[in-house]
Amino acid sequence: MRFPSLPTRIATGLALSGALFLSACGQEDKAPVAAAPATAEATPVAAPPSSKPSLGVRPVADEEISIDMSAVHNPELAEIFDYIDANIDDHVVNLQKWIQQPSISNTGEGMQESAFMVKGFFDQLGCQKTKVYEPGMTEWGTQANPVVYAHCDEGAEKTLVLYWMYDTMPVTQPDLWKSPPFEARLVEQEPFKKVLIGRGATNSKGPQMVQLNAFMAMKAVTGKLPVNLIFVAEGDEERMSTGYRKFVRDHPELFEGADAMYRFGFQGSMSAGSEGSVFVELITDGAKWGKGPNRSNIHGGYKRAVDAPAWRHIKMLSTLVDETGNKVMIDGFYDDIVPLSEEEEALLAKNAERVKLDVAAQNLGVARFIADDPETFLKMARYGTSMNLDGIWAGNMFEGGSGAILPNRIVSKHNFRYVPNQDGMDIVDKLRKHLDKHGYEDVEINVVGDVPWAKRSYDNELADAVRDMYNAFNIEFDDPLSDVTSMLGGYWPAYLFAGDVLDIPIVSGVAGVGGNAHAANEYFVIEGAKKIYGMAGGEKSVAMILYNYAGLNKPAAE
């Protein structure tokens with residue numbers, strides 16, 4: 001989210017309302033499921049046997065806001081809300097079991113098992129078609145992880161695509177976790193009495209399980225969903241969505257009839273568009289350079305008489321950014337950027353009035369942001385560009401102690417965040433020219449993947465359904481421009497449904513939050529506090545959005 005947990009969310013959503021939260025894949029089916037005939041007269045689905053865990057989760061905890069029940073016009077919604085409250089312990093256990101199954105795409109740990117676990121979710125929901133696809137080799141030369149697809153035909157008038165990702169980041173600093181990252185323990189974390197700690201808790205198993213629990217609650221109470229659903233769950237989001245890209249482009253027919261895409265999200269946000277991101281590795285090798293070790297690492301004592309590829313790599317990196325590390329020095333990098341429109345400038349200026357940079361920085365765990373002005377910060381966070389150094393390794397990679405090594409090969413990882421009308425592969429071409437110009441023709445560029453930017457509009461029925469939910473739940477939110485097509489949003493692979501393969505409305509929005517995505521002690525709020533809803537509130541918000549979108553929650557007079 002690679003969702004990412006965006007600084008924008010930190011500053012303009014939850015941090016501003018007093019909260020503590022802050023913005024990343026066919027072969028034959030492994031287990032085919034016979035399709036059942038669709039019917040609008042579905043019978044209620046019996047809830048599966050439950051152990052009735054005694055977690056003691058309070059569905060309504062310490063929240064200082066509440067749902068305006070006068071906005072609940074359909075009595076079915078009230079019944080669904082009651083069902084969620086009565087079964088919230090089971091719903092939390094559902095998330096714990098998912099967290100306890102590792103799914104780390106960059107190492108491959110648990111990916112196949114996780115794909116079939118997700119398929120099981122969709123089978124349990126009663127979707128007529130569920131399938132695990134193997135997209136195969138991607139254009140970047142990597143083997144895709146499975147994509148899980150499901151189609152739930154409820155005989156409804158409207159159809160939503162649900163974008164999911166089931167992969168997570170590796171655990172890189174295990175000693176910093178307050179509880180084991182795959183235990184899914186419930187702990188107290190001020191101001192919340194219960195949060196769930198675990199890898200994937202917020203990015204993105206928590207928000208997705210909120211959706212699934214809500215769907216299951218609707219089926220348990222009414223026997224059907226108010227809309228048809230098409231799920232697409234990828235296992236490569238943390239690897240630039242390479243398998244997802246291939247799958248959607250190879251199977252556009254699987255999404256025929258889709259009216260809009262509803263994406264998981266976090267409280268206070270309405271996002272649809274996406275910045276662009278291209279990810280590369282830069283590799284300096286003694287054999288290609290013609291100096292230094294050319295077969296393997298050697299003893300570090302030989303540095304007195306042997307050139308070092310690692311120092312050459314560091315010198316090369318220093319040419320790519322200025323002395324602050326915040327300006328890219330590649331020729332032509334900024335040439336194609338389209339400036340913000342007057343409407344976008346006005347929106348960011350309005351949102352900046354509620355930004356508390358000190359609170360946002362504390363919650364994110366940074367000393368300060370680059371800019372001290374809230375409006376400048378928002379422009380950088382929501383329409384900025386960057387070249388990051390995501391990691392670098394060679395030779396002696398253990399902390400503490402000693403060990404003299406002169407590496408023969410050094411690799412660094414970088415992601416470029418870019419905006420309209422920049423192009424990821426054009427950035428790679430300019431990077432190659434820059435390296436050659438500065439005498440680094442031997443440095444290899446390995447493109448890991450590219451996710452283009454996407455612009456979206458919020459002038460649609462799904463966006464209205466999310467707005468109505470936020471108003472009913474008394475949630476402060478940044479209402480995006482309804483009459484302007486804009487990119488203002490963090491990285492995720494929106495482009496495939498924003499004109500690349502399909503061109504449909506896309507909106508996210510929900511109650512409830514999490515935090516520490518890609519970091520130690522990743523968490524999801526289970527019991528709410530202050531102006532943040534817990535897990536039960538999140539599930540209720542999903543139910544209301546679907547009923548609003550289906551036109552089933554209108555006042556009787558309408």
Side-chain angles (χ1 to χ4, degrees), residues 2 4-12 15 22-23 172 275-284 310-340 345 348-349 351-352 355-394 410-420 422-424 426-440 443 445 448 453 487-488 490-491 517-519:
R2 53 265 338 37
S5 37
L6 289 176
T8 307
R9 290 199 197 108
I10 307 169
T12 62
L22 310 176
S23 137
T172 55
E275 65 188 335
S277 178
V278 60
F279 207 106
V280 302
E281 291 178 333
L282 296 179
I283 305 168
T284 298
W311 281 124
R312 174 175 171 78
H313 195 88
I314 298 301
K315 293 292 186 181
M316 175 272 296
L317 293 180
S318 70
T319 71
L320 294 170
V321 293
D322 70 357
E323 65 278 2
T324 70
N326 299 326
K327 181 179 179 181
V328 180
M329 300 303 291
I330 297 172
D331 289 345
F333 179 79
Y334 299 97
D335 286 353
D336 301 318
I337 294 177
V338 176
L340 289 165
E345 292 269 10
L348 292 177
N351 292 342
V355 171
K356 298 178 181 178
L357 289 181
D358 55 342
V359 175
Q362 179 181 357
N363 294 337
L364 183 58
V366 300
R368 57 181 290 182
F369 295 107
I370 296 173
D372 294 321
D373 171 64
E375 187 173 346
T376 303
F377 161 78
L378 280 188
K379 289 180 181 179
M380 297 174 74
R382 300 191 67 181
Y383 203 76
T385 58
S386 64
M387 178 186 181
N388 189 45
L389 175 57
D390 295 88
I392 186 168
W393 69 94
I410 181 167
V411 181
S412 56
K413 288 181 177 287
H414 308 270
N415 76 82
F416 292 87
R417 301 295 170 125
Y418 63 92
V419 299
Q422 291 176 298
D423 177 270
D426 178 64
I427 290 172
V428 173
D429 289 341
K430 289 173 178 175
L431 171 62
R432 178 74 271 164
K433 292 176 182 177
H434 173 94
L435 296 177
D436 294 348
K437 174 182 175 181
H438 288 80
Y440 298 102
V443 173
I445 301 175
V448 177
W453 51 264
M487 182 221 84
L488 299 177
Y491 158 89
H518 290 210

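Val321 approaches Met329 most closely through the heavy-atom pair C-CG, 3.4 Å. For Gly384 against Val419, the heavy-atom pair with the smallest separation is O-CG1, 3.6 Å. Between Lys430 and Asp336 the shortest heavy-atom distance is NZ-OD2, 3.8 Å. Considering all non-hydrogen atoms of both residues, Lys437 and Asp331 come closest at NZ-OD2, 2.9 Å. Listed here is the closest heavy atom pair of Gln422 and Trp453: O-NE1, 2.9 Å. Residues Leu282 and His313 approach most closely at O-CE1, 3.2 Å, considering heavy atoms.
With Thr284 as the partner, the side chain to side chain contact (heavy atoms under 4.5 Å, CB included) test is satisfied by one option alone out of Ile314, Val443, Val411: Val443. Screening Asp429, Asp436, Val428 for a side chain to side chain contact (heavy atoms under 4.5 Å, CB included) involving Arg432 leaves a single residue, Asp436.
Using a 4.5 Å heavy-atom cutoff, the side chains of Leu340 and Lys379 are in contact. Put simply, the side chain of Asp372 does not reach to within 4.5 Å of the side chain of Phe377, judged on heavy atoms. With a 4.5 Å cut-off on side-chain heavy atoms, His434 and Tyr440 do not count as touching. In this structure, Val278 and Val448 have side chains that are not in contact, with every pair of non-hydrogen atoms separated by 4.5 Å or more. In this structure, the side chains of Leu320 and Leu431 come closer than 4.5 Å at one or more pairs of heavy atoms.
For the atom pair CE of Met387 and CG of Leu389, the computed distance is 8.0 Å after rounding to the nearest 0.5 Å. The line from CZ of Phe416 to CZ of Phe333 is 6.5 Å long, rounded to the nearest 0.5 Å. Within the model, atoms NZ of Lys356 and CG of Asn363 stand 11.0 Å from one another, a figure rounded to the nearest 0.5 Å.
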Before giving the answer on side chain to side chain contact (heavy atoms under 4.5 Å, CB included), spell out for Tyr383 and Glu275 the whole-Å C-alpha distance, their side-chain angles and the decisive distance to 0.1 Å.
-> CA-CA 8 Å; Tyr383 203 76; Glu275 65 188 335; over 6 Å; no

How far apart are the C-alpha atoms of Val355 and Leu378, what are their side-chain angles, what is the distance that settles it, and do they pass the side chain to side chain contact (heavy atoms under 4.5 Å, CB included) test?
-> CA-CA 9 Å; Val355 171; Leu378 280 188; 4.0 Å; yes

Output, in order, the C-alpha distance, side-chain angles, deciding distance and verdict of side chain to side chain contact (heavy atoms under 4.5 Å, CB included) for Arg417 and Tyr491.
-> CA-CA 8 Å; Arg417 301 295 170 125; Tyr491 158 89; 3.1 Å; yes

Just do the side-chain hydrogen bond (donor to acceptor under 3.5 Å, both in side chains) check on Ser386 and Asn388 with the steps written out, would you?
-> CA-CA 6 Å; Ser386 64; Asn388 189 45; over 6 Å; no

Stepwise side chain to side chain contact (heavy atoms under 4.5 Å, CB included) check, Thr385 with Val328 | CA-CA 9 Å; Thr385 58; Val328 180; 5.7 Å; no

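Shown here is Trp311, whose CH2 atom has no more than 12 heavy atoms of other residues, nucleotides or ligands within 6.0 Å. Open room surrounds CD on Gln362; 12 or fewer heavy atoms of other groups in view lie less than 6.0 Å from it.
Using modelled atom types, no side-chain atom of His414 and backbone atom of Gly391 make a donor-acceptor pair closer than 3.5 Å.
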